[in-house]
Visitor: 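Please see the structure below; I have some questions.
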Amino acid sequence: MPARLHARTLTRGALGKGLFARADIVNNRWLGEYTGEVLTQEEYLAKYPNEDAQYVLGANTDYNIDAADAANSSFLRYANHSSDPNCFYEVERVRRQRQKRVMFYTARDVKRGEELTFDYGASYWAGRADGPI
């Protein structure tokens, strides 16, 4: 994990862990790659039939990254949702391969101690009883 970041337990109900800046981070700074087990949509639905996965990032309609296993995923699995996010991700294609890379960046200057968040997107919240915060 980069020295300027760290993950720690939140005290905000069921959100669990969050990712916080250890130092000020400038706008558009690369934070890292979201890594984990790559799943097609079919594999994702077989593994999570209720679509209740906690650490799966849907990079597109048929490319999901399951970061449930902390040993095989990046610290970015601890970035939570916000309707006013300070981070974003970009999906980069790997030339001549199905593989993609999901890179996270800051969307604005981030102050030391601030939680790093991104917008999970409308499809994440579709059909859920709990809405975005």
Side-chain angles (χ1 to χ4, degrees):
M1 182 178 319
R4 67 185 176 277
L5 306 174
H6 68 99
R8 70 174 177 89
T9 303
L10 290 174
T11 57
R12 295 188 296 153
L15 288 178
K17 295 184 184 252
L19 188 64
F20 294 82
R22 187 174 282 183
D24 291 350
I25 307 172
V26 297
N27 182 34
N28 208 34
R29 170 64 63 92
W30 177 73
L31 299 173
E33 181 178 359
Y34 195 94
T35 59
E37 179 186 5
V38 174
L39 303 171
T40 64
Q41 190 64 12
E42 184 178 333
E43 292 167 335
Y44 166 73
L45 292 172
K47 189 171 182 177
Y48 301 104
N50 296 324
E51 297 189 58
D52 56 353
Q54 292 187 341
Y55 296 106
V56 174
L57 187 145
N60 66 27
T61 57
D62 197 40
Y63 195 89
N64 302 285
I65 301 173
D66 185 354
D69 181 357
N72 293 314
S73 59
S74 73
F75 63 93
L76 288 162
R77 72 194 290 265
Y78 297 117
N80 287 315
H81 168 80
S82 174
S83 295
D84 185 24
N86 54 20
C87 298
F88 67 95
Y89 67 88
E90 290 184 352
V91 179
E92 298 178 1
R93 297 178 69 186
V94 177
R95 193 174 181 167
R96 295 187 178 113
Q97 295 181 27
R98 181 180 183 276
Q99 180 183 348
K100 294 172 180 56
R101 299 178 75 190
V102 177
M103 303 298 192
F104 272 73
Y105 301 87
T106 53
R108 61 170 173 75
D109 290 345
V110 176
K111 296 291 184 194
R112 179 180 183 263
E114 191 174 350
E115 184 173 10
L116 298 168
T117 60
F118 71 105
D119 185 350
Y120 287 1
S123 62
Y124 175 85
W125 301 105
R128 290 180 179 262
D130 56 336
I133 55 173

Visitor: Does any N or O in the side chain of D66 come within less than 3.5 Å of the main-chain N or O of G36, such that one atom is a donor and the other an acceptor?
Guide: no
Visitor: Looking at residues at least two apart in the chain, or sitting in another chain, which of them share a side chain to side chain contact (heavy atoms under 4.5 Å, CB included) with E43?
Guide: L39, T40
Visitor: Which pair of non-hydrogen atoms, one from G113 and one from F20, has the smallest distance, and what is that distance?
Guide: O-CD2, 3.3 Å
Visitor: Start with the C-alpha gap between I25 and N86, add the side-chain angles, then the distance that decides, and say whether side chain to side chain contact (heavy atoms under 4.5 Å, CB included) holds.
Guide: CA-CA 11 Å; I25 307 172; N86 54 20; over 6 Å; no
Visitor: Please give me the minimum heavy-atom distance between Q41 and N64, naming the atom from each residue.
Guide: OE1-ND2, 3.1 Å
Visitor: If I compare all heavy atoms of D24 with all of R112, which pair ends up nearest, and what's the gap?
Guide: OD1-N, 2.8 Å
Visitor: A67: which residues meet the side chain to side chain contact (heavy atoms under 4.5 Å, CB included) condition with it, sequence neighbours left out?
Guide: Y34, Y55, S73, R77
Visitor: Checking the side chain of R93 only, and the main-chain atoms of K100 only, is there a donor and an acceptor separated by less than 3.5 Å?
Guide: no
Visitor: Residues two or more places apart in sequence or in another chain: which of them pass ring pair (Phe, Tyr, Trp, His ring centres under 6.0 Å) with Y63?
Guide: none
Visitor: Tell me every residue that passes salt bridge (Lys or Arg N to Asp or Glu O under 4.0 Å) with E114, counting only those two or more places apart in sequence or in another chain.
Guide: R108
Visitor: Once you round to the nearest 0.5 Å, how far does CG of L76 lie from CG of L57?
Guide: 9.5 Å
Visitor: Under the side chain to side chain contact (heavy atoms under 4.5 Å, CB included) test, which residues partner E33, sequence neighbours left out?
Guide: T35, R101, M103
Visitor: Run the numbers on E115 and L19 for side chain to side chain contact (heavy atoms under 4.5 Å, CB included), then give the verdict.
Guide: CA-CA 6 Å; E115 184 173 10; L19 188 64; 5.7 Å; no
Visitor: Mark yes or no for whether N80, through its side chain, and K17, through its backbone, hold a donor-acceptor pair below 3.5 Å.
Guide: yes
Visitor: Tell me every residue that passes salt bridge (Lys or Arg N to Asp or Glu O under 4.0 Å) with D109, counting only those two or more places apart in sequence or in another chain.
Guide: none
Visitor: Indicate yes or no for a side-chain donor-acceptor contact from T106 to the backbone of N28 under 3.5 Å, with no hydrogens or angles considered.
Guide: yes
Visitor: What are the two closest non-hydrogen atoms of Y120 and A79, and how far apart are they?
Guide: OH-O, 3.6 Å
Visitor: Taking all heavy atoms of T117 and all of D84, pick out the closest pair and write down the distance.
Guide: OG1-O, 4.3 Å
Visitor: So F118 and F88, ring-ring contact (aromatic ring centres under 6.0 Å, His included) or not? Walk me through it.
Guide: CA-CA 6 Å; F118 71 105; F88 67 95; over 10 Å; no
